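Each remark here refers to the structure printed beneath this line.
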Amino acid sequence: MYDDHIPQLDTELVDLPSTDKLGIEKTSIHKPRILLLYGSTRERSFSRLLVEEAARLLEHFGAEARIFNPSGLPLPDDAPDDHPRVQELRELMLWSEGQVWCSPERHGSMSAVFKAQIDWVPLAMGAVRPTQGKTLAVMQVCGGSQSFNVVNQLRVLGRWMRMFTIPNQSSVPKAYMEFDDNGRMKPSPFYDRVVDVMEELVKFTLLIRDRQDYLVDRYSERKESAEELMKRVNQRSI
């Protein structure tokens with residue numbers, strides 16, 4: 001059976017992720033919150049079109065998806081932190097439990113538009129780490145033959161941002177041939193891979209989201225906190 005909203009998807013073959021199937025207790029009652037970022041401000045941006053397809057799939061899998069439009073975001077350090085677009089991006093980062101990053105490949109690398117978004121997000125905002133412990137799926141679109149340069153770089157970037165990057169990924173070659181005039185992705189093995197990636201992302205997000213604090217609890221940070229506490233106690237006793 002095919003859904004008019006997602007005509008490329010055979011819904012009878014989809015395995016909708018659930019806590020029951022994963023064998024975990026459901027403690028969070030809200031839908032998994034997924035933020036999607038893309039890396040081009042072109043009117044017909046294929047990274048945006050791919051992200052929009054991903055968002056439709058995520059919602060079909062029971063998640064809440066929000067897409068950040070990078071248009072109007074200033075260059076890093078070229079505006080104050082309280083710039084409205086910067087604040088919007090950071091608030092979405094805090095809101096999310098998982099993310100999808102998609103960039104076109106330019107000169108063998110991720111685009112400046114995409115990297116600028118990540119560069120506006122610090123590893124820590126006060127006592128809060130906006131990306132630590134969150135799940136991440138990476139994708140790229142190519143103008144020519146299939147490449148994995150960008151997804152490999154995004155994986156490195158995800159690790160640097162202390163995120164759990166899922167095993168699967170998507171790379172779409174000759175992206176201009178994979179979307180119709182209405183901006184919808186054509187049925188193909190490349191589309192099926194996007195389905196795989198989004199399904200996997202929701203599963204991993206469900207597995208991790210109520211365990212984030214424990215999974216990222218580090219000995220070195222506990223030791224540092226204990227030493228700082230002892231230092232304050234000693235200062236009071238003098």
Side-chain angles (χ1 to χ4, degrees), residues 28 30-42 45 47-48 50-52 54-55 58 63-106 109-141 149-166 169-170 197-198 201-202 204-205 208-218 220-221 224:
S28 296
H30 61 270
K31 296 179 178 180
R33 299 190 293 252
I34 309 296
L35 170 63
L36 300 96
L37 305 180
Y38 61 94
S40 171
T41 57
R42 294 171 57 192
S45 161
S47 61
R48 174 178 58 80
L50 187 58
V51 152
E52 289 175 352
L58 288 167
E64 181 181 357
R66 295 186 186 178
I67 300 173
F68 178 75
N69 179 353
S71 182
L73 183 72
L75 289 172
D77 303 321
D78 201 31
D81 289 354
D82 60 0
H83 187 283
R85 298 305 328 275
V86 175
Q87 287 299 305
E88 179 186 355
L89 175 60
R90 291 184 175 183
E91 287 169 7
L92 285 170
M93 284 279 174
L94 293 172
W95 167 85
S96 69
E97 296 172 306
Q99 297 185 19
V100 177
W101 293 354
C102 181
S103 174
E105 180 169 330
R106 291 189 173 175
S109 179
M110 72 183 77
S111 68
V113 171
F114 185 88
K115 185 59 163 55
Q117 295 172 76
I118 303 303
D119 286 347
W120 269 117
V121 182
L123 282 175
M125 295 165 55
V128 178
R129 300 186 189 276
T131 54
Q132 178 171 277
K134 299 184 179 184
T135 53
L136 172 65
V138 296
M139 305 193 297
Q140 74 174 85
V141 290
N149 290 326
V150 170
V151 287
N152 288 337
Q153 292 167 354
L154 293 177
R155 285 185 178 278
V156 172
L157 189 55
R159 288 197 297 272
W160 185 258
M161 301 301 286
R162 301 180 177 181
M163 303 176 77
F164 293 105
T165 307
I166 67 170
Q169 62 187 26
S170 168
V197 174
M198 294 307 112
L201 177 63
V202 174
F204 273 85
T205 304
I208 289 172
R209 68 175 181 171
D210 292 322
R211 299 166 172 82
Q212 285 183 0
D213 291 342
Y214 178 69
L215 289 171
V216 298
D217 184 37
R218 296 183 175 90
S220 60
E221 293 178 355
E224 182 180 346

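Not measured: the values here are computed from a predicted model.
With contacts defined as side-chain heavy-atom distances shorter than 4.5 Å, the pair V156/R159 qualifies. Side-chain contact between T135 and M163 is absent, with no heavy atoms from C-beta onward closer than 4.5 Å.
Every salt bridge (charged side-chain N to carboxylate O under 4.0 Å, His left out) that E64 has, sequence neighbours left out, goes to R66. Remark: E97 pairs with H30, R209 by the side-chain hydrogen bond (donor to acceptor under 3.5 Å, both in side chains) rule, at least two apart or across chains. Residues meeting the side-chain contact (heavy atoms from CB on, under 4.5 Å) test with R106, sequence neighbours left out: S40, R42, P104, S111. Shown here are the side-chain contact (heavy atoms from CB on, under 4.5 Å) partners of N152, two or more places apart in sequence or in another chain: F148. Under the side-chain contact (heavy atoms from CB on, under 4.5 Å) criterion, R162 pairs with R129, Q132, R218, E221, not counting sequence neighbours. Under the side-chain hydrogen bond (donor to acceptor under 3.5 Å, both in side chains) criterion, S170 pairs with no residue, sequence neighbours left out.
No side-chain donor-acceptor contact under 3.5 Å links Q99 to the backbone of L36. With hydrogens and angles disregarded, a donor-acceptor distance shorter than 3.5 Å links the side chain of Q153 to the backbone of M110. The main-chain N or O of F164 is never found under 3.5 Å from a side-chain atom of K134 such that the two would form a donor-acceptor pair. Between the T205 side chain and the L201 main chain, a donor and an acceptor come within less than 3.5 Å of each other.
One distance of note links CG of L58 with CD1 of I67; it measures 9.0 Å at 0.5 Å rounding. Rounded to the nearest 0.5 Å, atoms OG (S109) and CG (N149) are 8.0 Å apart. The CG atom of L136 lies 11.0 Å from the CD atom of Q169; values are rounded to the nearest 0.5 Å. To the nearest 0.5 Å, atoms CD1 (I166) and CZ (F204) are separated by 7.0 Å. Here CG of L89 is found 6.5 Å from CG of L37. Values are rounded to the nearest 0.5 Å.
Contact record, A63 with I34: CB-CG1, 4.0 Å, taken as the closest heavy-atom pair. Smallest separation of non-hydrogen atoms from L35 and W95: N-CZ3, 4.1 Å. V113 and G39 make their closest contact through CB-O, 3.5 Å (heavy atoms, listed as atom of the first residue, atom of the second, distance). When every heavy atom of C102 is checked against every heavy atom of L50, the shortest pair comes out as SG-CD2, 3.8 Å.
No more than 12 heavy atoms of other residues, nucleotides or ligands sit less than 6.0 Å from atom CG of D213. Remark: E88 CD is packed, more than 12 non-hydrogen atoms of other residues, nucleotides or ligands lying under 6.0 Å away.
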For this session: Take M125 and R90 through the side chain to side chain contact (heavy atoms under 4.5 Å, CB included) test and state the conclusion after the steps.
Result: CA-CA 9 Å; M125 295 165 55; R90 291 184 175 183; 4.0 Å; yes
For this session: Take Q140 and L154 through the side chain to side chain contact (heavy atoms under 4.5 Å, CB included) test and state the conclusion after the steps.
Result: CA-CA 9 Å; Q140 74 174 85; L154 293 177; 5.7 Å; no
For this session: Decide yes or no on side chain to side chain contact (heavy atoms under 4.5 Å, CB included) for V100 and M198, but give the supporting numbers first.
Result: CA-CA 9 Å; V100 177; M198 294 307 112; 3.9 Å; yes
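The list of salt bridge (Lys or Arg N to Asp or Glu O under 4.0 Å) pairs with a residue in residues 111-124, not counting sequence neighbours, reads K115-D119. The list of ring-ring contact (aromatic ring centres under 6.0 Å, His included) pairs with a residue in residues 111-133, not counting sequence neighbours, reads W101-F114. Listed by first and then second residue, the salt bridge (Lys or Arg N to Asp or Glu O under 4.0 Å) pairs involving residues 30-40 amount to none (not counting sequence neighbours).
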Under 3.5 Å, which donor-acceptor pairs do the side chains of residues 69-84 form with other protein atoms, sequence neighbours left out?
unit_1, atom_1, unit_2, atom_2, d
N69, OD1, Y38, OH, 3.2
N69, OD1, S71, N, 3.0
H83, ND1, R85, N, 3.1

